[in-house]
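What follows is one structure encoded as structure tokens, with my remarks underneath.
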Amino acid sequence: MANAKIIAQKEEAVKELAEKIKSAKVVVLTDYRGITVEDVTKLRADLRATNSEYIVIKNNITRRALKEAGVEGIEESVLEGPTALIIGNEDYLPTLKALYAYVKGHDFYKIKSGIVEGNVSSAEEIITLAKLPSREELLAKL
């Protein structure tokens, strides 16, 4: 049987992740199979520049945190296999652009699903958003 201390740690991890998910503008769930330490370091740096963080956490904790945060609509199959979360607290577009720039250059790295401003989005919808021009680009074109 699990130790009470371990259970308390896991409950705390669920609570902490649920709070991050509630306050985030964007949460993207990705499959990181095949990523090297060098690549993950670069991706983390690119995401940090957009005030986002890259978290690798157990699927069970993620599942419980999503439930506690009140997120519904993420398919169970999304939380199978290795999953990393990218959490952005400011404008979602720079975070998605940084992630998409990485995904374009690395075929093995897959976007599974995400939450954009409280709405569950598919991988295709996230990629579509990432391809949109930024506000500054649109203003420049105007």
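All values reported here derive from a predicted model rather than from experimental measurement. Positions are given from 1 along the sequence.
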Determine which pairs satisfy salt bridge (charged side-chain N to carboxylate O under 4.0 Å, His left out) with at least one residue from residues 93-121, sequence neighbours left out, and list them in order. none

Could you state the interatomic distance from CD1 (Ile86) to CG (Leu99), rounded to the nearest 0.5 Å? 4.0 Å

Considering only residues two or more places apart or on different chains, which pairs with a residue in residues 124-134 satisfy salt bridge (charged side-chain N to carboxylate O under 4.0 Å, His left out)? none

Those residues that, when tested against Ala130, pass side chain to side chain contact (heavy atoms under 4.5 Å, CB included) (two or more places apart): Leu96, Tyr100

Would you say Val26 and Leu132 are hydrophobically clustered, going by side-chain heavy atoms of ILVMFWY under 4.5 Å? yes

Nearest heavy-atom approach of Ala18 to Ala69 is O-CB, 3.8 Å

Working to the nearest 0.5 angstrom, can you tell me the gap between Leu66 CG and Leu17 CG? 7.0 Å

Please work out whether the ring planes of His106 and Tyr102 are parallel, tilted or perpendicular, with thresholds of 30° and 60°. parallel

Is it true that a side-chain atom of Thr30 and a backbone atom of Leu85 form a donor plus acceptor pair closer than 3.5 Å? no

Say whether Leu29 and Leu129 are linked into one hydrophobic cluster, either directly or through other cluster members, by side-chain heavy-atom distances under 4.5 angstrom. no

Side-chain hydrophobic cluster, 4.5 Å single linkage: members besides Val37: none

Per the salt bridge (charged side-chain N to carboxylate O under 4.0 Å, His left out) rule, what does the pair list look like for residues 23-46, sequence neighbours excluded? Asp31-Arg33, Lys42-Asp46

Selection residues 59-68 - residue pairs positive for side chain to side chain donor-acceptor pair (under 3.5 Å), sequence neighbours left out: Asn59-Thr83, Asn60-Arg63, Arg63-Glu76

hydrophobic_cluster_shared for Val40 and Ile57, side chain cutoff 4.5 Å: no

Common cluster, Leu79/Val71, ILVMFWY with side-chain heavy-atom separation under 4.5 Å: yes

Could you give all pairs that pass the side chain to side chain donor-acceptor pair (under 3.5 Å) test and reach residues 6-22, with sequence neighbours left out? Lys20-Glu53

Under the side chain to side chain contact (heavy atoms under 4.5 Å, CB included) test, which residues partner Ala24, sequence neighbours left out? Val27, Ile87, Asn89

Looking only at heavy atoms, what is the nearest atom pair of Pro133 and Leu93, with distance? O-CD2, 3.8 Å

Within the supplied structure, the quantity of interest is the number of heavy atoms (other residues, nucleotides, ligands) at a distance under 6.0 Å from Glu137 CD; does it exceed 12? yes

In the hydrophobic cluster built from side-chain contacts under 4.5 Å, what are the other members alongside Leu139? none

Thr50 to Ala98 - nearest heavy-atom pair and separation: CG2-CB, 4.3 Å

Taking only residues two or more places apart in sequence or in another chain, which ones pass ring pair (Phe, Tyr, Trp, His ring centres under 6.0 Å) with Tyr54? none

Roughly how far, to the nearest 0.5 Å, is the OG atom of Ser121 from the CD1 atom of Ile74? 9.0 Å

Ignoring hydrogens, what is the shortest heavy-atom contact between Ala65 and Val14? Give both atom names and the distance. CB-O, 3.7 Å

Hydrophobic clusters here meaning ILVMFWY residues chained together by side-chain heavy-atom distances under 4.5 Å, can you tell me if Ile35 and Ile111 are in one? yes

What's the separation between atom CD1 in Ile55 and atom CG in Leu47, rounded to the nearest 0.5 Å? 11.0 Å

